[in-house]
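Order of the sequence lines fixes the chain letters, A, B, ..., with proteins taken first and strands second; residue numbering starts at 1 for each chain.
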Amino acid sequence: MAETDSRPTNFIRQIIDKDINDGLHTTIQTRFPPEPNGYLHIGHAKSICLNFGIAQDYHGQCNLRFDDTNPEKEDIDYVNSIQQDVNWLGFSWSGEVRYSSNYFDQLYAFAVELINKGLAYVDFSTQEQMRELRGTLKEPGKNSQYRDTSATENLALFEKMRNGEFKEGECLLRAKIDMSSPFMCMRDPALYRVRFAHHHQTGDKWCIYPMYDFTHCISDAIEGITHSLCTLEFQDNRRLYDWVLSNITIDSTPHQYEFSRLNLEYTVLSKRKLIQLVEDEQVSGWDDPRMPTVAGLRRRGYTSASIREFCKRIGVTKMDNMVEMSVLEACLREELNADAPRAMAVLEPLKLVIENYKGSEVESLKAANHPSNELMGAREVPFGREIFIEAEDFKEEANKKFKRLVLGKEVRLRNAYVIKAERVEKDQQGNITTVYCSYDKDTLGKDPADGRKVKGVIHWVSASHGVPAEIRLYDRLFKVPNPAAEQDFLGSINEQSLVVKQGIVEASLVDAPLSTPMQFERTGYFCKDQDSVANNLVFNRAVGLRDTWAKMNQS
RNA sequence: UGGGGUAUAGCCAAGUGGUAAGGCAACGGGUUUUGAUCCCGUCAUUCGUUGGUUCGAGUCCAGCUACCCCAGCCA
């Protein structure tokens, strides 16, 4: 797919344009800073496209930095999956992967500088005491009794913290700012806490870990980040970001700008909730094709270009938003309609016998791999006396709106002949087991010579050549547009989000490469799943075709 | 009167004092060996609301309203 040519315009790029114009920067440096505590989801993709996209368009650089200051929640598996997902999305970071933990020594030195300046102190209050002293949204807080400890003493205390002489929770280093600030985050925020935890990067070197607010701004400054982009909930934190940088000795002064996070209808995009889905086994894992994770979308059949296009279409603003799933789906359909090879597959097989077709004869018919792109070539599809058609493509009787096979009427078999349904065979319950037809041998590649109009076309697979396959049909994971707003979001899970069909696919699909989407004509875009084995092919439906017929019938 | 933010169509979103882009969705019609695609057409006399400034306001000013975020030793 040709991604929309025009460069995106948004308020952040306007700020950058102005900064460049004003001579504030000659080169732009951004960063994508995930905490390695889960898999990346499509909300991260928005941030990735923003940060890496700006670096590309402004000929700047974008770092990948793991914000790994909370070892208890983090894991090396996540740092690996995140790198893989960023690459898969089509982006390369500047230089080596960075870690906030790379800067622990420098961070410690800056904390010492704050202590020396009388701007940080070690507090032994309990969590409860601290909460009480913090005040409320409408009432100012009160100073801690430890607030006026001398710098010398604080220095010694902080060193003891570092040396493991205090227990977890016994004390913490706090910035000395203003307990009556209207910004809650400025009421003497925690800078360092004691955690005797093994860190995936630094091992057991540290037993004190810096907090996000202290770490992030300094890491940005160390890396020479010019524009530090994050989501709206950090707007208040910007005051602390600026406070830290203006009170330590460091050359670089990055600036933080906030944009609204992505919300997508019928799914959840908070790591906490996604972790819960995985841990509760509501899904098969982080890469379950119903998950809004990059890994899930990839397995489902989404291409990275379609995700990039989606991020371009939704834009970047400060407005709270809830984007409809149809936008994402349209991006995939648009790309795949142009690129994906076509094939025939029957999801719910119904046997059809062409009685006037010679018993054992097998014909090899030619089928275009794409209706409008001849460069994609054609393939041979075997045709014989017995085929499978889609059960819903046949009715014993129907009105004129039904453009498929009806008893006594004609229909075109895609890439093959016009057939006419003559009679049906049923089992004892009255279910149709076989449809018997006749075919018009003069209709291959042309309309009936006598001018008969055949309005419908249905797909099919040769019974003796088709290969059985498990076909997984996915639907939205939740029954409500905004599950996050529910009291218990797990209560609104859509039990029908996965429907498995035992279908028959054309033999050429046996060798289909993994995760390369193709169109099953008339049904949707599918890709082979990693669960496929030699005698059990598995296909995922990434997205269905637009279906105005289904829409007509539901209304 | 805690503070920080945001209001343009069903959903996103341009618009930066000169008379409301675009996409998705929806709805008509045409082509079609995919009820797909493609093509053509329709879809904001009005920008949360009330006033004000101006020849002229979605853009500037004032008031009001609604919604989101902040009281982790999470990020």
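- The CZ-C1' distance, from A/R13 to B/U16, rounds to 18 Å in whole Å.
- On the P atoms, B/G23 is 40 Å away from B/C64, given to the nearest whole Å.
- Two rings, from A/F166 and A/F124, have their centers less than 6.0 Å apart.
- Across the protein-nucleic acid pair, A/E324 atom CD and B/C24 atom P stand 12 Å apart, rounded to whole Å.
- Contact between the side-chain N/O atoms of A/K551 and the OP1/OP2 oxygens of B/A26 is found at a separation under 4.0 Å.
- B/G10 atom P lies 17 Å from atom CG of A/N321, rounded to whole Å.
- If you take atom C1' in B/U45 and the same atom in B/U6, they sit 26 Å apart, rounded to whole Å.
- Taking atom CZ of residue A/F259 and atom C1' of nucleotide B/U6, one finds them 16 Å apart after rounding to whole Å.
- For the 3.5 Å distance criterion, the side chains of A/Y121 and A/D188 qualify, holding a donor opposite an acceptor.
- Following rounding to the nearest Å, A/M319 (CE) and B/G48 (P) show an atom-to-atom distance of 10 Å.
- Here A/M322 lies in heavy-atom contact (under 4.0 Å) with sugar-phosphate atoms only.
- Here A/F234 pairs with A/Y212 under the ring pair (Phe, Tyr, Trp, His ring centres under 6.0 Å) rule; sequence neighbours left out.
- Across the C1' atoms, B/C61 and B/C27 are found 42 Å apart, a figure rounded to whole Å.
- Rounded to whole Å, the separation between the C1' atoms of B/U46 and B/A9 comes to 10 Å.
- With sequence neighbours left out, A/K142 forms a side-chain contact (heavy atoms from CB on, under 4.5 Å) with A/L133.
- Mapping A/G315 and A/Q14 onto RNA chain B via the closest heavy atom, the residue that lands nearer the 5' end is A/G315.
- Using atom C1' as the reference point in both B/C47 and B/A7, the two lie 10 Å apart (nearest Å).
- For the C1' atom pair drawn from B/C70 and B/G28, the interatomic distance equals 50 Å after rounding to whole Å.
- The C1' atoms of B/C68 and B/G63 are separated by 22 Å, rounded to the nearest whole Å.
- Distance, A/I12 CD1 to B/U16 P: 19 Å, rounded to whole Å.
- Every pair passing side chain to side chain donor-acceptor pair (under 3.5 Å) that includes a residue from residues 235-245 of chain A is listed here, sequence neighbours excluded: A/D220-A/Y241, A/R238-A/E258.
- Among the duplex regions that RNA chain B forms, those built from at least three successive Watson-Crick or G-U pairs under 3.5 Å are B:2-7 with B:65-70, B:10-12 with B:22-24, B:26-30 with B:38-42, B:48-52 with B:60-64, ordered by first number.
- The interatomic distance linking A/K318 (NZ) with B/A7 (C1') rounds to 14 Å, in whole Å.
- Among residues two or more places apart in sequence or in another chain, the side-chain contact (heavy atoms from CB on, under 4.5 Å) test is passed with A/M322 by A/N263, A/E265, A/N482.
- Side-chain N/O atoms of A/E72 and A/Y209 include no donor and acceptor closer than 3.5 Å.
- Taking A/Y257 as the reference, A/H227 meet the ring pair (Phe, Tyr, Trp, His ring centres under 6.0 Å) condition, with sequence neighbours excluded.
- For B/G5, one of the phosphate oxygens OP1 or OP2 lies less than 4.0 angstrom from a side-chain nitrogen or oxygen of A/R239.
- A side chain to side chain contact (heavy atoms under 4.5 Å, CB included) with A/Y192 is found for one member of A/T215, A/L107, A/L172 and no other, namely A/L107.
- Nucleotide B/G63 is shown with an anti base, its glycosidic torsion being more than 90° from 0.
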Contact pattern, 5' to 3', of nucleotides 29-42 of chain B - B, S or - by protein heavy atom under 4.0 Å: ----BBBSS-----
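- Counting any heavy atom pair closer than 4.0 Å across all strands shown, A/S260 reaches no nucleic acid atom.
- In this structure A/A421 satisfies the side-chain contact (heavy atoms from CB on, under 4.5 Å) test together with A/F394, A/L405, A/L407, A/V435, A/C437, sequence neighbours excluded.
- Using a 4.0 Å heavy-atom distance criterion, A/T9 is classed as a sugar-phosphate-only contact.
- Among residues two or more places apart in sequence or in another chain, the side chain to side chain donor-acceptor pair (under 3.5 Å) test is passed with A/E74 by A/H200.
- For the salt bridge (charged side-chain N to carboxylate O under 4.0 Å, His left out) test, residues two or more places apart in sequence or in another chain that qualify with A/D123 are A/R174.
- Checked against side-chain contact (heavy atoms from CB on, under 4.5 Å), A/P189 has the following partners two or more places apart in sequence or in another chain: A/A175, A/I177, A/L240.
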Under 4.0 Å protein heavy-atom contacts per nucleotide of nucleotides 65-75 of chain B, with B for base, S for backbone only and - for none: ---SSBBSBSB
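- For the C1' atoms, the distance from B/U53 to B/A62 is 11 Å, rounded to whole Å.
- Distance A/R187 CZ to B/G3 P: 12 Å, rounded to the nearest Å.
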